[in-house]
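Structure, as structure tokens:
In the text below, chain A, chain B and the rest are named by the order of the sequence lines, each starting its count at 1.
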2 protein chains.
Amino acid sequence: MSDSWIERFPELAALPPEDRAFLTERAAKVALPAGTTVFAPGVAAESFLLILAGSVRVQQVSPGGREIVLYRVTGGETCIMTTSCLLADENYAADGVTETDVEAVAIPKASFEEAIVRSPGFRRLVFTDYSRRISDLMHVVEEVAFERLDKRLAQRLLARAGDSPVVRVTHHDLATDLGSAREVVGRLLKELERRGWVALSRGSIELRDLDKLKALAEGS
Amino acid sequence: MSDSWIERFPELAALPPEDRAFLTERAAKVALPAGTTVFAPGVAAESFLLILAGSVRVQQVSPGGREIVLYRVTGGETCIMTTSCLLADENYAADGVTETDVEAVAIPKASFEEAIVRSPGFRRLVFTDYSRRISDLMHVVEEVAFERLDKRLAQRLLARAGDSPVVRVTHHDLATDLGSAREVVGRLLKELERRGWVALSRGSIELRDLDKLKALAEGS
DNA sequence: GGTGGTCTGTGACTTAGTCACGTTCCCGTG
DNA sequence: CACGGGAACGTGACTAAGTCACAGACCACC
């Protein structure tokens, strides 16, 4: 298989040629359409997944139907949940869904284990990704437990706005991002609109006063 | 050094003799009195830690002074926060404090990396522990985001009660366990007392109706 | 027998979540 | 074009949880 994908992973691109070859020979490219369930509680994974492009949302769903996004896996990152299932036969209470069309590379379990043994650089990539996810999770705990919702909402709005000031997102999606309820998010947004900081319309939100929003997002 | 400690870790005890010897030769036993800070934001670790006895509490502290316990590391487990620092040079926003006197075994960074390479069983132990902590963290997120506080409080009371029905703990400590505020915990406890399910006194709580508490802890 | 520190209690208030609706908008089908 | 259904959003009334500013109460130790 072509080894061009490996350039998406600086740690792997810097590997000695024989390790690069080992990986590229055993990797298979896969394409996942938006909305695919990559993993779910009770389903064992059989490959190590490296995401080339697109985004996988890892979330928890409560018995009562509420959801919270734990983190997102995007291009250049690996999917810890499948890794863990490979290494520890662990089953998690979270599921992963592609938010966009996703291009990924899959390495079978046996080759993955061998790569861990033979390549310090590969090992480092895997451990680094574990650490990043643990950081992500700790950050979620911190936010959910301690931060005000209006502040978190402002953070999310700013994060979702790329260069464009218009964010295409529903109240429900924002609530899922924040682990809150749609009505609550709607009310907070309405208050922001009343202040003139955003303009609301069905399915999208225009950020009108970035400075004020940033102040809210960063304020203590 | 004596290799008796290795029996505390079934995965390691089952290792081939040469791997066991490798670990026991390089491990150093350490004793940490209660209240010792094992790691903290901004401090790099230099050894892999295996806990033999006692308990290390890993927690986050908010700017506003509120705290939440993320998980506890107890006998027979390893400390992935230090592991992560070893492997990924990551710095976390959490700190670890010994809750009791702790006996542990430390393996220097270089020996740790070598053990990862040479011993599949050791590798498995490390990855399994990563997975366990990720599970723990996801569980915390789920509880904080979705579960009622009275239910979580009942769970904690039951968890803290060993065989004895009298739990020695302050309202503040329970609040820290739950990531909540002392006053809130106090009010909920008072309500439980009014129902006759617990009896409160300074510094301790007597569980009077385990069935009712269990029903609360398990109820939807 | 004070005295400082820890632990707990309380009321008034704000913020967040829940529940049960109702309304509006969009888009495809008859 | 009407209209019907689903998705998105709005609202009010209520409960749960967190915050703030205190005030006691208990304990240990001079």
Handout entry: Position toward the 5' end of DNA chain D (nearest nucleotide), B:Gly179 or A:Gly186
Key = A:Gly186

Exercise for the section: Return the value, rounded to whole Å, for the distance between atom CG of A:Leu149 and atom P of C:dT14. Expected result: 18 Å

Problem - More than 12 heavy atoms of other groups within 6.0 Å of B:Lys151 NZ - result: yes

Problem - Salt bridge present between A:Glu77 and A:Arg133 (N-O < 4.0 angstrom) - result: yes

Completion exercise
DNA chain D nearest-nucleotide lookup for A:Val169 and A:Phe146: closer to the 5′ end is A:Val169

Fill in the blank from the handout: Of the listed D:dG18, C:dT18, C:dG9, the closest approach to the A:Arg66 side chain comes from C:dT18

Completion exercise
In A:Arg72, A:Gln155, A:Arg57, the residue satisfying side chain to side chain donor-acceptor pair (under 3.5 Å) with A:Asp177 is A:Arg72

Problem - Footprint string (nucleotides 21-29 of chain D, 5' to 3'): B base within contact, S backbone only, - free, heavy atoms under 4.0 Å - result: B---BBS--

Problem - C:dT6 OP1/OP2 closer than 4.0 Å to side-chain N/O of B:His171 - result: no

Exercise for the section: Side chain of A:Thr170 only, please: which of D:dA17, D:dC9, C:dT8 is the nearest? Expected result: D:dC9

Problem - Heavy-atom check, side chain of A:Leu153 versus side chain of A:Leu189, under 4.5 Å - result: yes

Exercise for the section: Report the distance from atom CD of A:Glu191 to atom C1' of D:dT11, rounded to the nearest whole Å. Expected result: 16 Å

Practice task
Please state how far atom CG in B:Leu174 lies from atom C1' in C:dC7, giving the value in whole angstrom units.
Solution key: 13 Å

Problem - Closest to side chain of A:Arg187, choosing from D:dC9, D:dA17, C:dG17 - result: C:dG17

Problem - Distance test, side-chain N/O of A:Ser180 to OP1/OP2 of C:dA16, below 4.0 Å - result: no

Practice task
Please determine if A:Lys214 and A:Asp211 form a salt bridge, counting it only when a charged side-chain N lies under 4.0 Å from a carboxylate O.
Solution key: no

Problem - Nearest heavy-atom neighbours spanning B:Ser111 and B:Arg26 - result: OG-CD, 3.1 Å

Problem - Rounded distance (Å) that lies between atom P of C:dT15 and atom CG of A:Leu153 - result: 15 Å

Problem - Integer-rounded Å distance: D:dT15 C1' and B:Asp150 CG - result: 12 Å

Exercise for the section: Answer with base, sugar-phosphate or nothing: what part of the nucleic acid does B:Gly64 contact at a heavy-atom distance below 4.0 Å? Expected result: nothing

Practice task
Using atom CZ of B:Arg148 as one end and atom P of C:dG17 as the other, report the distance to the nearest whole Å.
Solution key: 14 Å

Exercise for the section: Provide, to the nearest angstrom, the distance between the NZ atom belonging to B:Lys190 and the C1' atom belonging to D:dA16. Expected result: 19 Å

Completion exercise
Rounded to whole Å, the CZ-P distance (B:Arg194 to C:dT10) equals 13 Å

Handout entry: B:Thr36 side-chain N/O to B:Leu32 backbone N/O, donor-acceptor pair under 3.5 Å
Key = no

